[in-house]
Chemist: 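I'd like to ask you about the structure that follows.
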Amino acid sequence: MPLLRDDALSAAFDHAAATYDRLVAVNPGYHAQLRRSARRLGLPAAGRWLRLLDLGCGTGASTAALLAVAPHAEIVAVDASAGILDRARAKAWPHNVSFVHTPAERLEAAGVTGPFDAVFAAYLFRNVADPDALLTAVRGLLVPGGRIAVHEYALGGRAVDRVVWTAVCRGVVLPAGRLAGDGELYRHLWRSVVEFDTAPDFGRRMARAGFDRVRVLPLPGWQTGITHTVVATAPGTTEVAA
């Protein structure tokens, strides 16, 4: 089975929207890890005067992580799945958070334009057809010196990392997905990790896309070697205002 892409992937997430948060809830540390990655953006002044883009916000877990570290920022959250985004919108949010239904590759057509002071992208890049083009587009949305944090299931490159990920998927993720009636989506999610870049490779991909000061940072717990934060800055000397 080929990986799901574009409209097929959005449709699969639409179908899974009703049960997605319940399945996420059984993942130890899921929300804490997102908050850790959001903190790694190093945003000053609790986000005051900053404009942030949550790219691929899902049901709002990454949006909540951004809001926790930058409660005063303007946060624009986007996702390609209407069903998933409806779940996000149904939650309680302050006035400085807004949601837009659009694929990450078609932001401008949906009225989402820069500049942004920082971008947070969780579980996104392995699910797009052309990650290089999207990285280049995101770089163009950032202010000079603006920051990006990519929180991703990207394996560390050791054989044991792939073994652990596959064991977790076969023992928990795939059976849960089948029970929920979304086996095709969760098979895609397993394969999308093992067939995508390792974390060091993705860091090099970001550098090739023109980002500066790229760092690949591990996450603790069972996700060590499985999930990473890759942080970087857009070219230029103007940093996010302190």
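For reference, positions follow the sequence shown, starting with 1.
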Chemist: Applying side chain to side chain donor-acceptor pair (under 3.5 Å), name anything that partners D6, two or more places apart in sequence or on another chain.
Modeler: none
Chemist: Suppose we screen for salt bridge (charged side-chain N to carboxylate O under 4.0 Å, His left out). Which residues come up paired with R158, at least two apart in sequence or across chains?
Modeler: D161
Chemist: Does any non-hydrogen side-chain atom of L85 lie less than 4.5 Å from one of F13?
Modeler: no
Chemist: With side chain to side chain contact (heavy atoms under 4.5 Å, CB included) as the test, would you mind laying out the steps for Y186 and V172 before giving the verdict?
Modeler: CA-CA 11 Å; Y186 287 91; V172 179; over 6 Å; no
Chemist: Provide the closest heavy-atom pair for G157 versus T198 in the form atom of the first, atom of the second, distance.
Modeler: CA-CG2, 3.9 Å
Chemist: Strictly distance-based, threshold 3.5 Å: is any side-chain N or O of R139 a donor or acceptor partner for the main-chain N or O of A209?
Modeler: yes
Chemist: Do any pairs count as a ring pair (Phe, Tyr, Trp, His ring centres under 6.0 Å) and have a residue in residues 56-78, sequence neighbours left out, and if so which ones?
Modeler: none
Chemist: What pairs with R5 under side chain to side chain donor-acceptor pair (under 3.5 Å), at least two apart in sequence or on another chain?
Modeler: none
Chemist: Evaluate the side-chain proximity of L219 to T224: yes if any heavy-atom separation is below 4.5 Å, no if none is.
Modeler: no
Chemist: Quick one: pull up CG in L185 and NE2 in H15 and give me the separation to the nearest 0.5 Å.
Modeler: 10.5 Å
Chemist: Hey, could you give me the CD/CG distance between E74 and D117, rounded to the nearest 0.5 Å?
Modeler: 9.5 Å
Chemist: Please examine the side chains of V69 and L41, heavy atoms only from C-beta on, and report whether any two atoms are closer than 4.5 Å.
Modeler: no
Chemist: Is any side-chain heavy atom of Y153 less than 4.5 Å from a side-chain heavy atom of I226?
Modeler: yes
Chemist: Show which residues join V231 in its hydrophobic cluster (side-chain heavy-atom contacts under 4.5 Å, direct or indirect), or state none.
Modeler: L217
Chemist: Answer whether the closest heavy-atom distance between the side chains of R89 and D86 falls below 4.5 Å.
Modeler: yes
Chemist: Just distance, no hydrogens or angles: give the donor-acceptor pairs under 3.5 Å from side chains in residues 125-137, sequence neighbours left out.
Modeler:
| from | atom 1 | to | atom 2 | distance (Å) |
| --- | --- | --- | --- | --- |
| R126 | NE | E152 | OE1 | 2.5 |
| R126 | NH1 | S192 | OG | 2.5 |
| N127 | OD1 | H188 | NE2 | 2.7 |
| N127 | ND2 | Y123 | O | 3.2 |
| D130 | OD1 | D132 | N | 3.4 |
| D130 | OD1 | A133 | N | 3.1 |
| D132 | OD1 | R205 | NH1 | 2.9 |
| D132 | OD2 | R205 | NH1 | 3.0 |
| T136 | OG1 | D132 | O | 3.1 |

Chemist: Can you tell me how far apart CH2 (W190) and CZ (R170) are? Round to the nearest 0.5 Å.
Modeler: 5.0 Å
Chemist: Sequence neighbours left out, what passes salt bridge (charged side-chain N to carboxylate O under 4.0 Å, His left out) with R162? Give chain and number order.
Modeler: none
Chemist: Table please: side-chain donor-acceptor pairs of residues 53-64 below 3.5 Å, with sequence neighbours left out.
Modeler:
| from | atom 1 | to | atom 2 | distance (Å) |
| --- | --- | --- | --- | --- |
| D54 | OD1 | S62 | OG | 3.0 |
| D54 | OD2 | S62 | OG | 2.9 |
| D54 | OD2 | T63 | N | 3.0 |
| D54 | OD2 | T63 | OG1 | 2.6 |
| T59 | OG1 | D21 | OD1 | 2.6 |
| S62 | OG | C57 | O | 3.4 |

Chemist: Name all pairs fulfilling the ring pair (Phe, Tyr, Trp, His ring centres under 6.0 Å) condition that reach into residues 97-120, sequence neighbours left out, sorted by first residue then second.
Modeler: W93-F99
Chemist: Does some side-chain heavy atom of V24 sit less than 4.5 Å from a side-chain heavy atom of H31?
Modeler: yes
Chemist: Can you find a pair of side-chain heavy atoms, one from R36 and one from T229, that are under 4.5 Å apart?
Modeler: no
Chemist: Using the test salt bridge (charged side-chain N to carboxylate O under 4.0 Å, His left out), find all partners of R204 that sit at least two apart in sequence or belong to another chain.
Modeler: D201
Chemist: Hey, are the side chains of V214 and V230 touching, using non-hydrogen atoms and a 4.5 Å cut-off?
Modeler: yes
Chemist: Could you pull out all residues at least two apart from A73 that satisfy side-chain contact (heavy atoms from CB on, under 4.5 Å)?
Modeler: L50, L52, A70, I75
Chemist: Can you name the residues that form a side-chain contact (heavy atoms from CB on, under 4.5 Å) with P94, not counting sequence neighbours?
Modeler: L67, N96, V97
Chemist: Within the side chain of D197, is there an N or O that forms a donor-acceptor pair under 3.5 Å with the backbone of A199?
Modeler: no
